[in-house]
Amino acid sequence: FREGAAPIENGSSTLYFQQLPYGKYAISVYQDRNENGKLDTGLFGIPKEPFGFSNDPKLRFGPPQYEDSAFSLEASEHSIQIPVKKLF
């Protein structure tokens with residue numbers, strides 16, 4: 001629906017999306033360490049770069065289900081924090 005990029009400063013990054021309609025959303029993020037514009041993966045599609053999802057769902061085999069990452073946007077301002085992790 002929307003995408004964006006923001007620099008990492010002091011281990012953190014902030015990205016703003018404006019004029020989003022109220023509703024249900026899920027967000028995925030990754031740190032594009034080699035700046036090639038994509039999440040690099042290795043064997044079995046396992047991410048080589050740090051990544052995260054809204055709600056910080058437990059991961060099993062593959063990305064989480066939409067419902068596990070979904071949150072409701074019900075106000076003109078809403079803030080969430082997404083922890084980023086690296087598997088290997």
**OP:** Please work out which of the three classes, parallel, tilted or perpendicular, describes the rings of Phe71 and His78, given edges at 30° and 60°.
**Re:** parallel
Original post:
Given the rule in the side chain to side chain contact (heavy atoms under 4.5 Å, CB included) test, do Asp40 and Tyr30 qualify, once you have shown the distances and angles that lead to the verdict?
Top reply: CA-CA 10 Å; Asp40 293 319; Tyr30 68 95; over 6 Å; no
Original post:
Would Glu49 and Lys38 pass as an ion pair if we require N to O under 4.0 Å?
Top reply: no
Original post:
Charged N to carboxylate O below 4.0 Å: is that the case for Lys85 and Asp56?
Top reply: yes
Minimum heavy-atom separation for [X] and [Y], please, with both atom names.
| X | Y | answer |
| --- | --- | --- |
| Ile82 | Gly52 | CG2-C, 3.7 Å |
| Leu87 | Pro47 | CD1-CD, 4.2 Å |
| Tyr22 | Ser76 | OH-N, 3.4 Å |
| Ala70 | Asn55 | O-ND2, 2.7 Å |

Answer yes or no: is there a donor N or O on one side and an acceptor on the other, between the side chain of [X] and the main chain of [Y], under 3.5 Å?
| X | Y | answer |
| --- | --- | --- |
| Thr41 | Ile46 | no |
| Lys86 | Lys48 | yes |
| Ser54 | Ser69 | yes |

Original post:
Is the count of non-hydrogen atoms from other residues, nucleotides or ligands lying under 6.0 Å from Arg2 atom CZ greater than 12?
Top reply: yes
Original post:
Got more than 12 heavy atoms from elsewhere within 6.0 Å of CZ, Phe1?
Top reply: yes
